[in-house]
Colleague: 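Take a look at the following structure, please.
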Number of protein chains: 2
Amino acid sequence: MTKQPKYRQLADALRREIDNGTYPPGARLPSESELAARFEASRNTVRSGLNELVTQGLVASSQGLGYEVIKHEVFQLNASRFENLSFPQTGDAYSTDVTNAGRQPSQTFRVEMQPAPEYAAERLKVPAGATTVLRFCHRFVDDVPWSTQATHYPEWLLEKGPRLTEPGDIAEGTTRYLAGLGVEQVGYFDEIATRMPTPDEARLLEMGAGVPVMLWTRTGYSATAPIRCTVTTFRGDLNRMNYEIGDLSARSEDVVQ
Amino acid sequence: MTKQPKYRQLADALRREIDNGTYPPGARLPSESELAARFEASRNTVRSGLNELVTQGLVASSQGLGYEVIKHEVFQLNASRFENLSFPQTGDAYSTDVTNAGRQPSQTFRVEMQPAPEYAAERLKVPAGATTVLRFCHRFVDDVPWSTQATHYPEWLLEKGPRLTEPGDIAEGTTRYLAGLGVEQVGYFDEIATRMPTPDEARLLEMGAGVPVMLWTRTGYSATAPIRCTVTTFRGDLNRMNYEIGDLSARSEDVVQ
DNA sequence: TGCATCAGCTTGTACCAACAAGTTGAGCAA
DNA sequence: TTGCTCAACTTGTTGGTACAAGCTGATGCA
């Protein structure tokens with residue numbers, strides 16, 4: 001074991017104390033100057049160590065307040081069931097999942113006609129820059145920012161579903177609305193990626209700079225063509241994506257060897 | 001637009017120059033002292049700005065060498081096809097995916113009998129601490145560390161598949177091996193999460209501390225019981241997880257409106 | 001030629017100082 | 001009591017200095 005620099009020893013010591021409950025989630029750490037006295041280090045060195053914990057998403061700092069141990073609370077999102085089609089639902093998939101978890105969903109909407117960005121054009125099989133309907137959605141759970149969602153629809157869909165451009169929510173969910181008009185989503189292709197948030201994303205989701213985002217890109221297909229491309233951006237520390245595939249009857253039952 | 005601190009202005013300027021190709025992937029940034037002169041800032045301020053870029057995974061620094069712009073080449077992993085069952089394969093799912101991408105896979109193996117950690121016990125429906133077979137695998141693509149994989153099998157499976165404890169690879173893939181013994185995986189439950197790497201993970205995967213990891217937990221089920229729980233840890237910046245669900249015939253065809 | 005050494009570059013660690021800016025609670029005034 | 005001000009805390013930003021440690025190429029010796 002090679003000798004670690006002082007700021008890292010400090011970070012490791014604090015990490016241990018957070019793990020073992022000396023500083024439980026929600027608790028405040030001692031101030032920088034107190035830690036400096038305890039570890040016989042300068043304030044800058046203490047800040048280097050604390051910065052490591054912030055980067056790892058264990059604590060968050062606020063000017064004037066101090067450092068607070070973050071509480072993580074993971075929210076499970078079931079991504080693989082067939083949206084709105086396999087069983088009855090009243091709202092969209094998000095509201096359903098959140099409500100089932102006993103939480104309060106809310107969201108703000110924005111609808112625009114936009115030239116398709118490269119990723120959307122490619123997936124929707126339209127020329128780059130072609131006009132698309134963009135429905136943008138900023139979602140909250142119990143008033144905490146949870147995700148942003150941008151869905152591009154190809155322009156030709158408007159002939160069949162003019163309400164796509166209506167500002168505001170479509171109560172029964174857009175997938176269900178389109179299915180009622182004969183444009184049924186029969187399959188989808190999901191891509192899941194992760195990266196550090198852009199400054200914009202960090203601001204929108206009110207997340208620490210050291211927490212990754214999860215990007216969920218879903219391209220929905222009718223029997224003949226792609227009909228939508230949705231990119232959802234989650235706080236990575238608060239969400240988990242689930243897929244159920246194949247026969248899972250053994251999952252819910254008691255185990256029989 | 002409020003005034004940003006100097007170190008952030010510096011980070012934003014460099015980020016733009018990386019994006020627009022002034023510093024392409026693999027290029028070296030100017031040294032800290034050169035940047036200090038250019039931005040009329042102290043070396044400490046420059047380091048704060050560069051640290052932001054490191055945290056966001058855009059650049060990496062090495063002592064004595066300088067700052068290098070990271071090149072990321074994303075590897076797509078198809079997670080939803082039915083492993084080894086729906087079509088013939090020669091090796092395991094990983095080798096197949098990597099080879100199909102024209103890359104050279106390699107891996108190191110380790111097999112142990114281990115008490116089940118909490119997450120595995122829960123998913124395998126065995127008591128916490130019950131003995132399980134742990135097959136641990138460290139995978140490389142073109143000799144670059146790519147992922148670690150830890151699979152727990154319940155102990156009762158050994159009666160049917162004793163080769164599980166053999167050190168070294170099982171050539172045809174464990175899932176296929178078990179299927180040949182009558183323990184067929186008929187479904188699986190996937191969970192995908194993301195977080196910052198632990199120091200150990202950062203070392204094993206040779207990744208910057210500012211790059212998130214992607215955790216892929218797959219629990220496989222036979223018709224009657226869970227038969228394995230696999231946790232794969234990826235570099236988040238180099239991997240993307242794909243799921244194909246439902247009828248995707250429209251995906252590969254030319255579009256017909 | 002071949003090899004060891006070292007100067008001169010790079011980043012890493014650690015310290016000090018000063019002031020800006022956000023938060024809170026004590027205490028005073030209406 | 002209510003409400004305001006302000007002192008005393010907190011972290012945020014920016015400057016400075018010094019030395020440690022890693023890398024590279026030039027230099028010079030064998």
Colleague: Mapping S31(A) and P5(B) to their closest nucleotides on DNA chain D, which lands nearer the 5' end?
Modeller: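 Its nearest nucleotide being more 5', the pick is S31(A).
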Colleague: If you only use heavy atoms from C-beta on, which nucleotide in dT11(D), dC15(C), dG22(D) is closest to the side chain of Q63(A)?
Modeller: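 The answer is dT11(D), which lies nearest to the side chain.
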Colleague: Between dT14(D) atom C1' and L35(B) atom CG, what is the distance in whole Å?
Modeller: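 My rounded result for the distance is 17 Å.
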Colleague: Taking atom types as modelled, find out whether N51(A) and Y7(A) have a side-chain donor-acceptor pair closer than 3.5 angstrom.
Modeller: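 No, Y7(A) and N51(A) have no side-chain donor paired with an acceptor closer than 3.5 Å.
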Colleague: Nearest whole Å is fine: how far is dT14(D) C1' from R47(A) CZ?
Modeller: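 Checked: the CZ to C1' distance equals 11 Å.
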Colleague: Would you kindly check whether a donor in the side chain of R8(A) faces an acceptor in the base of dG12(C), or vice versa, at under 3.5 angstrom?
Modeller: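 Such a pair does not exist between side chain and base.
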Colleague: Round to the nearest Å and state the distance from Q4(B) atom CD to dG12(D) atom C1'.
Modeller: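 Answer to the nearest Å: 13 Å.
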Colleague: Would you kindly give the CZ-to-P distance between F39(A) and dC15(C), to the nearest whole Å?
Modeller: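 Atom-to-atom, F39(A) to dC15(C), this comes out as 13 Å.
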Colleague: Please give, in whole Å, the distance from dA18(C) P to R43(A) CZ?
Modeller: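 About 13 Å, once rounded to whole Å.
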Colleague: Between S48(A) and T45(A), do the side chains contain a donor N or O and an acceptor N or O under 3.5 Å apart?
Modeller: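 Absent: no donor and acceptor within the cut-off.
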Colleague: Please report, rounded to the nearest Å, how far the P atom of dG15(D) is from the CD atom of E40(B).
Modeller: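 To the nearest whole Å, that distance equals 10 Å.
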Colleague: Under 4.0 angstrom, heavy atoms only, what part of the nucleic acid is S62(A) near: base, sugar-phosphate, or nothing?
Modeller: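 Sugar-phosphate, backbone atoms only, no base.
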Colleague: Please work out which of the three classes, parallel, tilted or perpendicular, describes the rings of W216(A) and F234(A), given edges at 30° and 60°.
Modeller: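 Rings of F234(A) and W216(A): parallel, under 30°.
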Colleague: Nearest to the side chain of T45(A), which nucleotide is it out of dC15(C), dG12(D), dT13(C)?
Modeller: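 Taking heavy atoms from C-beta onward, the closest nucleotide is dC15(C).
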Colleague: Y7(B) side chain N/O closer than 4.0 Å to the phosphate oxygens (OP1, OP2) of dG15(D)?
Modeller: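 No, outside the criterion.
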Colleague: Rounded to whole Å, how long is the line connecting atom CG of N44(B) with atom C1' of dG15(D)?
Modeller: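 That distance rounds to 8 Å.
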Colleague: With nearest nucleotide decided by heavy atoms, which residue, P30(B) or A41(A), maps closer to the 5′ end of DNA chain C?
Modeller: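 Nearest-nucleotide comparison on DNA chain C picks P30(B).
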Colleague: Working note: H138(A) + F140(A), criterion ring-ring contact (aromatic ring centres under 6.0 Å, His included); need CA distance, chi angles, decisive distance, verdict.
Modeller: CA-CA 7 Å; H138(A) 191 185; F140(A) 303 79; 4.7 Å; yes
Colleague: Verify whether one side chain among Y243(A) and E191(B) offers a donor that lies under 3.5 Å from an acceptor in the other.
Modeller: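 The answer is no; no qualifying pair exists.
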Colleague: In terms of side-chain heavy atoms of L65(B), which of dT11(D), dT13(C), dT24(D) is nearest?
Modeller: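 The closest nucleotide is dT24(D).
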Colleague: If the cut-off is 4.0 Å, is S33(B) near the phosphate of dT10(C), judged by side-chain N/O to OP1 or OP2?
Modeller: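 Result: yes.
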Colleague: What integer distance in Å separates L29(A):CG from dT11(D):P?
Modeller: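 Nearest whole value for this atom pair: 9 Å.
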